[in-house]
There are 2 protein chains.
Amino acid sequence: MLGGERKRKFRDSGRTRERLLQAAFQEVYRYGFQSAAIDTILAATNVTKGALYYHFDSKEALGHAIVDEIVANLVRDRWLLPLQRSQDKDPIDALIGIVQAIPARPRDVRSGCPLVNLAQEMSQLDEQFRKRLERLFLAWQEGIATLLRKGQSEGTVRRDLVPEATASFLIAMVEGYEVLAKNAQDARVWEVGITNIVGWLRSLRASGKRKRG
Amino acid sequence: MLGGERKRKFRDSGRTRERLLQAAFQEVYRYGFQSAAIDTILAATNVTKGALYYHFDSKEALGHAIVDEIVANLVRDRWLLPLQRSQDKDPIDALIGIVQAIPARPRDVRSGCPLVNLAQEMSQLDEQFRKRLERLFLAWQEGIATLLRKGQSEGTVRRDLVPEATASFLIAMVEGYEVLAKNAQDARVWEVGITNIVGWLRSLRASGKRKRG
DNA sequence: CACCTAACATACCAACAAGTATGTATGTCA
DNA sequence: TGACATACATACTTGTTGGTATGTTAGGTG
């Protein structure tokens, strides 16, 4: 007995917090942090203001939690974990696969990348925000750079390129197209971008392959 | 007599409008459109609310004017005119020069690109904004594509690439790095980006040159 | 069962926002 | 010179915002 799940609809602190975070993320993702309205988040979750301010000290703290928990997880799920999981594959093929797996549904394209959205809006206005976002960017970059280094030592990636700089180049391309596609509100812009990025990725291959040949 | 300039300090409608636009641009550039405060613009210009709403129907109309007049001029001055002026030069060299001429002072890097800032914030929220911004993006892309086409017909640019797609690729790179550098609040990120972009631009050259040898 | 605190709920506030109603001064032209 | 539209100035309204002060209730503990 002692049903762990049943009747846990009320007074489940962790779940309330999680629901607030999710709704807040959606609101911020849509309207930006500054224009995100607390009342909208409350309406979406059927939670009251007292409850929200019990879980989060301020709107700013709520925003920081969104970055630390939700956006960080997105980066992890879409990049860091796939990068780790492809330790045994060809690095370039792995990167191509990851890039092509970025959500390309109209809804995603129209809303843009959460990380870029927040960085663009907040990095100049709130140093706390900026630092948190920079952590994610650096982890992202480092994940790619590590894979590139591995490819270089294995002879599948050109040795003349600097892993960190190349990684940031890839990130810049992805984000740049994300902005373009978002402005165009058109998934085809994104698809063209993917094609171009993939073409560029192929150009990173070492010309004379060592392994397996 | 009839001094055209003297005592034209007051009641100069055009000048008042222009000052409002400039101050509004600065405010929007800094805080974003939604968070830009009319009162701040008024304080910065010593203009009253009645005067502002005489020149602009609404905050939205003010924002549209910023895009149409100020941001459009930035695109024109930094890209379209330089692109036209370099009709006689090697297209790749011209593009490299233009990219390297993008303002890289810390202040510019930290604030980002006005066009990207606005696109990122508004394209999903206000179709009027989006359309105006898209006009600028398309003009930008077309300017680059035209130069690439010229290079292709002259034999200095690779014939296998699609001018429009390549142009948008370049734009995505520039904007992507602009976002990265803005988030890092570090001009060095931008400089690394320029180096990478220039390297990529060189890869667009036709391998065997036809003209001049 | 009593008690206590974590987890909420309600009602309110002060600040600020965009926008407007209305008044006033200025230049122009008959 | 006087009428009149242009170009402003002032004061106000209405709505929204993040935040808070003060309750109330659930649920575990002794």
Side-chain angles (χ1 to χ4, degrees), chain A residues 1-25 27-28 30-66 121-122 125-126 128-129, chain B residues 1-25 27-28 30-66 121-122 125-126 128-129:
Chain A
M1 314 317 152
L2 275 170
E5 311 301 320
R6 275 177 51 109
K7 200 59 198 283
R8 266 301 160 83
K9 205 171 172 187
F10 307 106
R11 296 273 162 166
D12 187 336
S13 175
R15 188 169 156 66
T16 303
R17 198 190 115 99
E18 188 58 30
R19 284 175 55 231
L20 283 170
L21 261 182
Q22 285 294 342
F25 168 72
E27 170 78 1
V28 168
R30 175 93 201 244
Y31 298 103
F33 175 76
Q34 297 180 95
S35 297
I38 299 281
D39 286 339
T40 307
I41 298 165
L42 300 177
T45 49
N46 274 321
V47 167
T48 60
K49 200 167 275 194
L52 187 146
Y53 277 95
Y54 173 78
H55 288 284
F56 303 98
D57 288 343
S58 62
K59 186 188 179 186
E60 213 190 358
L62 176 59
H64 295 162
I66 290 175
E121 179 188 5
M122 298 305 294
L125 300 176
D126 183 316
Q128 298 241 58
F129 255 103
Chain B
M1 316 314 156
L2 278 171
E5 310 302 323
R6 272 175 53 104
K7 202 57 199 287
R8 267 296 159 88
K9 203 170 171 187
F10 307 105
R11 294 275 158 167
D12 186 335
S13 175
R15 187 171 157 64
T16 301
R17 199 189 114 99
E18 187 59 29
R19 284 175 55 230
L20 283 170
L21 260 183
Q22 284 295 343
F25 168 72
E27 171 78 1
V28 169
R30 176 89 201 248
Y31 297 102
F33 175 75
Q34 297 178 98
S35 298
I38 298 282
D39 286 338
T40 306
I41 298 165
L42 299 177
T45 49
N46 275 321
V47 167
T48 60
K49 199 166 272 192
L52 187 146
Y53 278 94
Y54 171 78
H55 288 285
F56 303 98
D57 288 344
S58 63
K59 187 188 178 185
E60 212 190 359
L62 176 60
H64 295 161
I66 289 175
E121 180 188 5
M122 298 305 296
L125 301 177
D126 183 315
Q128 297 240 56
F129 254 103

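Below, read A as the first sequence line, B as the second, and so on, with proteins coming before strands; counting in each chain starts at 1.
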| query | OP1, OP2 of C:dC8 versus side-chain N and O of A:T16: anything below 4.0 Å? | reply | yes

| query | Taking CZ from A:R19 and P from C:dA7, how many angstroms apart are they, rounded to a whole number? | reply | 15 Å

| said: Restricting to non-hydrogen atoms, name the atom on A:K59 and the atom on A:A36 that form the minimum distance, rounded to 0.1 Å. | reply: NZ-O, 3.0 Å

| message | In whole Å, I'd like the distance from the CZ atom of B:R17 to the P atom of D:dT6. | response | 16 Å

| Between C:dC8, C:dG19, D:dG19, which one does the side chain of A:Y53 approach most closely? | D:dG19

Considering only nitrogen or oxygen atoms on both sides, find all protein atoms under 3.5 Å from nucleotides 22-25 of chain C and state each distance.
residue : atom : partner : partner atom : Å
C:dA25  : N3   : B:R11   : NH2          : 3.4

| Inter-residue atom distance B:L52.CG - B:R19.CZ, 0.5 Å rounding | 11.5 Å

| note | Closest of C:dA18, D:dC8, D:dG18 to the A:I38 side chain is D:dG18

| Test side-chain contact (heavy atoms from CB on, under 4.5 Å) applied to A:T48 - qualifying residues, sequence neighbours left out | A:A51

| task | Please identify each residue that fulfils ring pair (Phe, Tyr, Trp, His ring centres under 6.0 Å) with A:F129, with sequence neighbours left out. | result | A:F33, A:H64

| note | Sorted by chain and residue number, the salt bridge (Lys or Arg N to Asp or Glu O under 4.0 Å) partners of B:D57 (sequence neighbours excluded) come out as none

| How close or far is atom P of D:dT10 from atom CG of B:L52, stated in whole angstroms? | 15 Å

| task | In whole angstrom, give the distance that lies between atom CG of B:L42 and atom P of D:dC8. | result | 13 Å

| field | Full working for side-chain contact (heavy atoms from CB on, under 4.5 Å) between A:L21 and A:L62 | value | CA-CA 7 Å; A:L21 261 182; A:L62 176 59; 4.2 Å; yes

| request: Sugar-phosphate means primed atoms, P, OP1 and OP2; the rest is base. With that split, encode nucleotides 9-16 of chain C 5' to 3' as B, S or - using protein heavy atoms under 4.0 Å. | output: BB------

| field | Rounded distance (Å) that lies between atom P of D:dT17 and atom OH of A:Y31 | value | 11 Å

| query | Looking only at side-chain N and O atoms, does A:Y54 come under 4.0 Å of OP1 or OP2 in C:dA7? | reply | yes

| request: Return no unless some side-chain N or O of A:H55 is found under 4.0 Å from OP1 or OP2 of C:dC8. | output: yes

| note | Between CD of A:E60 and P of D:dT17 the distance, given in whole Å, is 19 Å

| request: Sort and list the pairs that fulfil ring pair (Phe, Tyr, Trp, His ring centres under 6.0 Å) and have at least one residue in residues 44-63 of chain B, not counting sequence neighbours. | output: none

| field | With A:S35 via side chain to side chain donor-acceptor pair (under 3.5 Å) - residues at least two apart | value | B:Q34

| Interatomic distance where CG belongs to A:D12 and P belongs to D:dG28 [whole Å] | 11 Å

| For the pair made of CZ in B:F33 and C1' in C:dA17, what is the distance, rounded to whole Å? | 13 Å

Side chains of residues 39-47 of chain B: which donor-acceptor pairs under 3.5 Å do they make with residues two or more places apart or in other chains?
residue : atom : partner : partner atom : Å
B:D39   : OD1  : B:K49   : NZ           : 3.3
B:T45   : OG1  : B:I41   : O            : 2.8
B:T45   : OG1  : B:L42   : O            : 3.3

| task | Respond yes when some side-chain nitrogen or oxygen of B:S13 is under 4.0 Å from OP1 or OP2 of D:dA7, and no when none is. | result | yes

